[in-house]
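Since the structure comes first, as structure tokens, the remarks are kept for the end.
Lettering of chains follows the sequences in order, A, B, ..., and the numbering in each one begins at 1. Keep in mind that what you see is a predicted model, and the values were worked out from it rather than measured.
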There are 4 protein chains.
Amino acid sequence: MRPLPRGILPPVVTTFRGEVLDCGAFRANLQAFNSTELAGYVVLGSNGEGIYLDDDEALRVADVAAEARSPDKFLIVGTGRESTRATIALTRRAGRAGADAVLVTPPAYYRASMTPAALEFHYQAVADAAEVPVLLYHVPRFCPVTFEPAWVCRLACHPNIAGLKDSSADVVFLTTCLKDRPGGFRVYVGTANLLLAGLVLGADGGILALANVAPQECVELLRLVERGEIECARALQHRLLALNETVTTRHGVPGLKLAMDLVGLHGGEARRPLSPLSPENRQALQAALRQAAIRPLIAAGRPLPGDSDAPR
Amino acid sequence: MRPLPRGILPPVVTTFRGEVLDCGAFRANLQAFNSTELAGYVVLGSNGEGIYLDDDEALRVADVAAEARSPDKFLIVGTGRESTRATIALTRRAGRAGADAVLVTPPAYYRASMTPAALEFHYQAVADAAEVPVLLYHVPRFCPVTFEPAWVCRLACHPNIAGLKDSSADVVFLTTCLKDRPGGFRVYVGTANLLLAGLVLGADGGILALANVAPQECVELLRLVERGEIECARALQHRLLALNETVTTRHGVPGLKLAMDLVGLHGGEARRPLSPLSPENRQALQAALRQAAIRPLIAAGRPLPGDSDAPR
Amino acid sequence: MRPLPRGILPPVVTTFRGEVLDCGAFRANLQAFNSTELAGYVVLGSNGEGIYLDDDEALRVADVAAEARSPDKFLIVGTGRESTRATIALTRRAGRAGADAVLVTPPAYYRASMTPAALEFHYQAVADAAEVPVLLYHVPRFCPVTFEPAWVCRLACHPNIAGLKDSSADVVFLTTCLKDRPGGFRVYVGTANLLLAGLVLGADGGILALANVAPQECVELLRLVERGEIECARALQHRLLALNETVTTRHGVPGLKLAMDLVGLHGGEARRPLSPLSPENRQALQAALRQAAIRPLIAAGRPLPGDSDAPR
Amino acid sequence: MRPLPRGILPPVVTTFRGEVLDCGAFRANLQAFNSTELAGYVVLGSNGEGIYLDDDEALRVADVAAEARSPDKFLIVGTGRESTRATIALTRRAGRAGADAVLVTPPAYYRASMTPAALEFHYQAVADAAEVPVLLYHVPRFCPVTFEPAWVCRLACHPNIAGLKDSSADVVFLTTCLKDRPGGFRVYVGTANLLLAGLVLGADGGILALANVAPQECVELLRLVERGEIECARALQHRLLALNETVTTRHGVPGLKLAMDLVGLHGGEARRPLSPLSPENRQALQAALRQAAIRPLIAAGRPLPGDSDAPR
């Protein structure tokens with residue numbers, strides 16, 4: 001099994017034409033990322049609208065990603081479902097489809113019942129059954145349960161639990177996990193807003209929505225920290241914060257997709273009930289991109305008509 | 001189309017043997033309810049572990065319910081999914097399977113994007129496409145978005161949006177909906193804790209987890225209010241509150257299922273990661289049932305072995 | 001000691017001219033209330049800006065209330081402070097000033113330290129030292145700590161703890177207290193929004209900001225429930241809800257004071273940083289008063305210039 | 001006016017004998033701090049139980065601090081009150097007592113009314129009236145209102161508003177203030193948990209409860225960041241985090257006071273309803289201090305009996 005890399009990975013968007021999967025656009029995005037210093041990509045994560053796909057669509061996306069990936073990029077597939085049983089089933093299928101690892105959101109629907117013991121049980125059962133390493137995914141913004149460092153670090157000792165993506169913005173949680181984790185357990189910052197803080201505190205990298213739009217800048221921030229150039233890193237973090245707030249915090253998946261369109265990649269519309277930005281918000285997002293002076297990254301080409309799954 | 005009834009309906013549990021659907025037990029529960037004054041039943045609601053079923057399982061449950069129902073009982077099927085597209089698809093299949101109406105939870109995963117406009121769009125699109133009446137379902141405990149009376153009452157004017165189940169425990173929200181709703185729009189209290197308060201404020205009935213365990217008592221409370229016997233109603237509400245707190249608030253779906261086993265119906269285990277009660281909690285629940293002096297309702301019979309879907 | 005009454009009491013506002021206490025206006029309001037069926041009044045409660053007064057001002061208000069009260073009205077004085085020591089000191093002074101009982105908000109500044117044990121200790125110490133009965137005051141909107149029925153009902157057995165004002169809007173909490181309280185312990189609903197629900201569940205009355213503006217309507221709702229006229233009570237509750245939302249929920253103390261001015265009583269401005277309503281909000285409030293068709297209650301007369309404490 | 005310093009300042013505790021001010025112990029603590037590299041001290045902050053003191057006691061504490069201070073240490077006095085009027089009065093008295101600056105918590109009791117406009121008005125009025133520079137204090141843990149970078153940065157342009165203490169643990173808020181503030185506006189991290197992150201992001205120092213117990217270590221972390229020794233800084237931050245969680249997050253003011261006793265300074269008991277630690281918690285705190293290997297700082301000497309204000 002490949003060890004989880006240090007570095008920056010984007011949780012890539014899933015592209016649609018109308019409401020139908022558009023695999024050509026999806027492939028073109030990955031090919032564009034293949035030319036960067038990104039460490040890999042995450043498909044079917046929160047920004048990948050995994051929650052809006054049925055299992056067949058999800059597997060189709062994983063298959064296309066496995067084909068389009070560059071061999072030096074690490075491929076992570078999001079496979080969290082509400083039931084342990086469904087999570088295991090999808091995890092095993094993702095492993096067979098070519099995922100290097102899976103990223104597993106916690107069950108959160110019955111959140112009053114999601115005690116530490118229930119969550120620990122769930123992750124242990126998934127890791128026992130998985131054929132590839134499992135990453136825990138702490139993301140109370142979408143899955144409103146709270147992780148505790150104590151059980152995270154217990155799970156981190158499971159031979160098949162290899163890392164954590166922390167999107168909680170809770171620096172005390174993050175720092176505690178970083179100081180108490182066993183050797184080799186990877187911790188990724190889950191939002192560009194905390195990239196500098198997280199790296200300085202010891203994180204191994206970031207899985208960042210913003211890395212879809214500004215991959216080179218996110219990688220650069222990591223390099224600056226590695227070289228100890230803290231003042232330059234701070235200036236870059238300040239620059240990225242405003243952009244990230246506009247693109248993802250304020251406008252969510254539709255904002256991220258529009259920003260990708262604007263930098264020459266393939267975003268397109270999200271599935272409903274997510275809705276496109278209003279003209280005013282669209283302009284604000286364009287202004288934020290200009291102000292952040294992002295270097296564009298051109299996608300490998302417009303997808304050919306026959307390359308799409310639509311219509312079917 | 002049948003109008004939505006006044007009265008009490010239980011959101012029935014989905015029964016499993018191991019983790020496999022147990023349709024015989026499910027049928028037996030409905031048959032037991034057929035002998036009561038319940039107005040109908042809701043299948044695949046929050047307490048029905050709908051979130052843990054794939055679409056085929058969900059349809060199987062709807063089919064069995066449509067067979068087992070008594071013609072005088074109203075059958076509501078839960079069909080909420082995160083995407084508008086998937087909600088419409090399941091809603092149409094449920095209508096064809098024999099549902100009299102559907103109960104639709106709001107999308108909540110991308111909750112920062114679930115603006116009033118997005119939620120209103122979603123429900124309107126579902127109602128436009130549905131072949132049976134739609135009930136809105138306000139349940140921030142499971143789907144953490146908050147409804148506003150203004151758009152609820154706008155949607156209530158849609159010819160195919162027929163009612164609201166309110167499980168929010170927000171009496172101001174409930175009262176505002178009751179006073180501002182158009183004529184004929186049904187409002188059901190969503191928790192036995194607020195049954196008396198809700199009925200006095202004008203609600204048409206309740207869709208109550210507790211009605212699985214104490215159907216006769218829940219119906220009796222409604223009758224007492226209808227007859228203006230407020231002091232008796234108060235005493236019964238006090239009695240039901242403590243039971244409901246123990247059964248559902250404290251122990252969720254596993255608590256409800258255990259309580260059903262204890263009153264002679266079919267509960268069984270929930271799917272994981274929901275976990276069975278500890279021995280201490282089990283005893284506390286038994287004590288609460290004894291103290292509330294619930295009159296048992298015997299299920300129509302143990303399911304025959306061949307009646308189960310397991311194994312497959 | 002007088003037993004706490006059943007009935008409706010307004011938490012009266014403290015009146016200022018500029019930022020200086022205006023005792024004449026305050027007295028005129030109480031005199032207006034003396035002509036009603038209100039059971040008494042609460043001074044220095046949350047709506048009385050007690051938190052904005054120094055101890056001398058607070059005692060001055062209590063003294064004026066003690067003079068202006070009608071002998072058949074029950075006088076409650078708010079004496080909650082953050083430290084046990086200061087609460088006891090003010091409570092004893094209020095008792096000597098003529099309070100029939102005191103209403104004590106919980107300490108909440110160090111809320112992480114305000115465990116059930118700490119709150120129980122505090123109330124016990126205050127009750128031990130008080131010369132008049134103590135009412136507990138559950139008001140998480142202003143004092144963000146949460147009461148638990150278990151310790152509330154333990155404290156309710158203290159010979160000097162006589163009642164509870166519950167402004168939490170948590171019907172489960174309220175119902176649990178009502179069903180588990182010892183005999184003679186008074187429970188008052190703390191918001192007009194829940195008056196009907198609370199009374200039907202067994203509450204003894206209400207301490208309601210709205211009773212400053214619509215005292216006759218609040219008393220009428222109580223009488224309707226006492227006579228079992230639930231449908232009329234419901235219609236009145238629906239009418240009062242919209243008004244109460246506009247007056248107090250939406251606009252707080254300044255909204256309440258403006259509404260008092262508009263019905264012929266003395267409101268005036270609140271102390272800063274509370275600020276007067278915008279012209280639009282002022283109009284909305286006027287419209288809400290008109291729509292609710294409140295019967296005006298004229299204050300005893302404009303205060304004479306020399307009757308004010310200002311200037312000093 | 002002295003400019004606000006870069007550096008670390010402890011918000012010092014207020015010492016009592018029984019419940020009476022113990023000025024000798026208070027003076028001894030300041031004298032111990034005078035021998036360190038701390039930039040100054042904050043008296044009557046949240047950890048100083050300012051909320052439990054009457055105005056005379058508060059002024060007495062400020063006077064003693066002004067006498068005991070070393071001329072090279074910066075003296076900040078907490079003067080936030082709920083009303084604008086009371087805040088101004090105490091601020092002016094603190095200035096005359098010798099404060100170099102004041103630290104002002106936001107009014108939060110009527111938090112629904114504390115709109116951005118109301119908070120901005122309040123701080124502007126206080127700053128207009130103050131004779132010494134004003135620091136804004138963002139501390140939702142105690143004062144549950146949320147600051148917004150936009151109005152903070154507007155206020156930061158007021159000639160008499162000189163800085164911000166941010167105890168919110170919201171890194172996005174902190175980073176936004178740091179990147180958007182005008183030149184010369186000081187920003188202090190308000191919790192040792194975020195000291196490294198905050199400094200790397202550009203903060204000027206910290207006002208840290210932990211600096212009462214581990215002043216030398218807190219200063220050392222600042223020096224390490226100034227010298228670019230990020231790995232050593234990280235190791236020290238990891239070490240301080242666990243200690244800070246035990247001392248202040250978990251046990252609040254009583255925990256901080258006990259820790260001061262244990263390192264040879266004067267803590268003593270807090271005023272009630274704050275209560276001393278249980279024996280188990282006391283042991284856990286001792287263990288945390290040992291594990292963090294804090295270098296003790298001995299207070300200047302036990303206060304002489306006659307030096308105390310008790311009894312009076």
(request) Could you grab the distance from atom CD of C:Gln237 to atom NZ of B:Lys179, nearest 0.5 Å is fine? (result) 10.5 Å

(message) For residues 240-258 of chain C, give me every residue with a non-hydrogen atom less than 4.5 Å from any non-hydrogen atom of chain B.
(response) C:Leu241, C:Ala242, C:Glu245

(message) If you count heavy-atom pairs within less than 4.5 Å of chain B, which of C:Leu196, C:Thr191, C:Asp180, C:Leu201 leads?
(response) C:Leu201

(request) Not counting sequence neighbours, which residues clear salt bridge (Lys or Arg N to Asp or Glu O under 4.0 Å) with C:Glu231? List them please. (result) none

(message) What part of B:Leu194 gets within 4.5 angstrom of chain C, counting heavy atoms only: side chain, backbone, both, or neither?
(response) side chain

(request) Check the surroundings of atom CD in C:Gln291: do more than 12 heavy atoms from other residues, nucleotides or ligands lie under 6.0 Å from it? (result) no

(request) Mark yes when over 12 heavy atoms from residues, nucleotides or ligands other than B:Glu229 sit less than 6.0 Å from its CD; otherwise mark no. (result) yes

(message) Take a 6.0 Å sphere around CZ of C:Arg239 and say whether it holds more than 12 heavy atoms from other residues, nucleotides or ligands.
(response) yes

(message) Strictly less than 4.5 Å between heavy atoms, which residues of residues 170-178 of chain C line up against chain B? Please order them by number.
(response) C:Val171, C:Val172, C:Thr175, C:Thr176, C:Leu178

(request) Name, in order of residue number, those residues of residues 135-156 of chain C that have a heavy atom at a distance of less than 4.5 Å from a heavy atom in chain B; otherwise write 'none'. (result) none

